[in-house]
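Residue numbering restarts at 1 for every chain, and letters A, B, ... go by the order of the sequence lines.
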Protein chains: 2
Amino acid sequence: MNEKFLYKQVYKDLKNSILSGQYKTGSKLPSESELCECYHTTRATIRQAFSELIKEGFIYKQHGKGTFVKSEMRSLGLLSFKGFSEVVGEEHQAKTTILQVPVYKQFPSDFFYKLSAEEKELGCIYFARLRFADDVPVMLEYTYLPNNELFKPFDEQDIKDSFFKTLHTKFEVEITGLAQSIRAIECEKSVAKALKMKHKSPVLYINRRYATNKANLHIYSTLYCNTDKYAMSHNF
Amino acid sequence: MNEKFLYKQVYKDLKNSILSGQYKTGSKLPSESELCECYHTTRATIRQAFSELIKEGFIYKQHGKGTFVKSEMRSLGLLSFKGFSEVVGEEHQAKTTILQVPVYKQFPSDFFYKLSAEEKELGCIYFARLRFADDVPVMLEYTYLPNNELFKPFDEQDIKDSFFKTLHTKFEVEITGLAQSIRAIECEKSVAKALKMKHKSPVLYINRRYATNKANLHIYSTLYCNTDKYAMSHNF
DNA sequence: GGCAATAACTTGTATATACAAGTTGTGTTT
DNA sequence: AAACACAACTTGTATATACAAGTTATTGCC
């Protein structure tokens, strides 16, 4: 399984070594020149591999000192995009129930984002979850995963914990970006029921499109949030 | 105001040219080799400047074609930055009216963020604007600027255009980060009136704290958004 | 005119090298 | 022992060059 480009190979090797625990959190990676000798290449190539890993949050550099493995935050780091575990996170009790186990189906015809021909063709893995903070339902989440070979097999276990962690550990998919649109709407009956709100209460309605480290692989989700008690927060 | 490093200079020049509209949305930047000649340097240096701009979302590349100015949100997905005049930008008519011209006053006692002693001491420059898309009011924005020497003099002109552009060009303040909390709430009468909505309609209620390139300088704003017609969008 | 080969562009990957600048440890001096 | 100077590391910036690979315009043929 050789990569086409040397810098990709270096990137992959290092990433695997980090994921397998060979380089532990906080530990120092070999210096650029050491890696140059290993791979019989030059610093520019090594630095290119490094910069990919930095972009994905695996490592960081310190001028004059070296390159180090980032704390475990990275796996959850992009979860902060999600907001849920951030707001809910440490101080509050977080819980998730699965309303719809993963099933294969077509993308909805009125899907919120214009899909590529390939995405339409292949369909999606769809599941729904309800998230609680301190035993209060705060977020209703519908997720659409492209029906890619990459994600097979896919089952209920994969979404019991953090789905993003599963993406990272099981499928080696890293979230690299997010585009979202946010509205405040009056919630419909079904949403109200799930979130234990009054019909027509204001809820956040969010459509998201996650970009990943795999070209042309995007993950979609629609959220309804009860923000009476907990606000949705972001940091960038 | 020369930058220490050549790639930073190139980066800054390009960024200024983009922000000033010299390179318009979607237009092609000079090729790497053209810029090499301009700056009497090599592609590696130009590419480094480009990669910073890519990271910040100002530009994107296409193999074999060229480098282009991104149309969507730049930098940190700040709607009020690229947001208003540019998300709404080309397709829609954007307009802004000033409800409250900049005045010096104390921070409100029930301010949404816990301020530092220094910030409290100095007070703030406060102003309010109402923003329109296609002549429909969509966003009510209250801004709190620390009463820093840096911002003097400060007047109405500074917020007529994009305030973030003013920050960049007049005060050399760059936005480097954002923390925000978002809620969906029923709008109160005053907000409803400004946004021409019915009382108790759902609106987005957003509190923001912008980090800047100046240490300990933060900018705050509170937004009310009518998302009936236009959603709030982010890209990171 | 229509079509295909090709030339002239673009960005992508790669090597080789040099010096600057920040950090750390090793000495030597005091 | 403490202070300082310096060497030996690290990453940061920079130049010069080459070829690969994708895109577009041009050329020349039919």
**Asked** Is the distance from OP1 or OP2 of D:dC9 to the nearest side-chain N or O of A:S31 less than 4.0 Å?
**Response** no
**Complete:** Residue set satisfying salt bridge (Lys or Arg N to Asp or Glu O under 4.0 Å) with A:K152, at least two apart, ordered chain then number -> A:E149
Let me check something: any side-chain donor-acceptor pairs from residues 119-127 of chain A under 3.5 Å, sequence neighbours excluded? List them with distances.
| from | atom 1 | to | atom 2 | distance (Å) |
| --- | --- | --- | --- | --- |
| A:E119 | OE1 | A:S116 | N | 3.0 |
| A:E119 | OE1 | A:S116 | OG | 3.4 |
| A:E119 | OE1 | A:Y220 | OH | 3.3 |
| A:E119 | OE2 | A:Y220 | OH | 3.0 |

**Among B:E52, B:E174, B:E3, B:E172, salt bridge (Lys or Arg N to Asp or Glu O under 4.0 Å) partner for B:K15** = B:E174
**Asked** Between B:E52 (CD) and D:dA14 (P), how many Å, whole number?
**Response** 11 Å
**Item:** Geometric cation-pi criterion B:K8 and B:Y11, 6.0 Å radius, 45° cone
**Value:** yes
**Asked** Could you give the CD-to-P distance, from B:Q48 to C:dG12, as a whole number of Å?
**Response** 15 Å
**Request:** Could you pull out all residues at least two apart from B:K61 that satisfy salt bridge (Lys or Arg N to Asp or Glu O under 4.0 Å)?
**Result:** B:E32
**Request:** Mind listing the closest non-hydrogen atom pair of A:H218 and A:P146 along with its distance?
**Result:** O-CG, 2.9 Å
**Asked** Whole-Å distance between C:dT15 C1' and A:E37 CD?
**Response** 16 Å
**Prompt:** Can you check whether B:K61 has a side-chain N or O nearer than 4.0 Å to OP1 or OP2 of C:dG12?
**Reply:** yes
Donor-acceptor pairs under 3.5 angstrom involving side-chain atoms of residues 104-113 of chain A: please list them, not counting sequence neighbours.
| from | atom 1 | to | atom 2 | distance (Å) |
| --- | --- | --- | --- | --- |
| A:Y113 | OH | A:R209 | NH1 | 3.3 |

**Request:** Between protein and nucleotides 17-27 of chain D, map the contacts as a letter string: B base, S sugar-phosphate only, - none, heavy atoms under 4.0 Å, written 5' to 3'.
**Result:** -B--BBSS---
**Asked** OP1 or OP2 of C:dT10 sitting under 4.0 Å from any side-chain N/O of B:S33?
**Response** yes
**Request:** Find the distance A:I46:CD1 to C:dA16:C1' and express it as a whole number of Å.
**Result:** 14 Å
**Prompt:** Between C:dT11 atom C1' and B:F50 atom CZ, what is the distance in whole Å?
**Reply:** 10 Å
**Prompt:** In whole Å, what is the span from the CG atom of A:L6 to the P atom of C:dG12?
**Reply:** 18 Å
**Request:** Could you check how far CD1 of A:I54 sits from C1' of D:dG12, rounded to whole Å?
**Result:** 12 Å
**Prompt:** Think A:R47 has a side-chain N or O under 4.0 angstrom from the OP1 or OP2 of D:dG12?
**Reply:** yes
**Item:** Distance test, side-chain N/O of A:T45 to OP1/OP2 of C:dT15, below 4.0 Å
**Value:** yes
**Prompt:** Looking at B:F132, is B:K95 sitting on its ring face, NZ or CZ under 6.0 Å from the six-membered ring centre and within 45 degrees of the normal?
**Reply:** yes
Could you go over nucleotides 5-8 of chain D and give all protein N or O partners under 3.5 Å, atom names and distances?
none

**Request:** Please report, rounded to the nearest Å, how far the P atom of C:dT13 is from the OH atom of A:Y39.
**Result:** 17 Å
**Request:** Name the residue closer to the 5' end of DNA chain C, choosing between B:E34 and A:Y7 according to the nucleotide with the nearest heavy atom.
**Result:** B:E34
**Message:** Pair B:T166, B:D158 - check side-chain hydrogen bond (donor to acceptor under 3.5 Å, both in side chains), show working.
**Reply:** CA-CA 6 Å; B:T166 301; B:D158 294 324; 5.0 Å; no
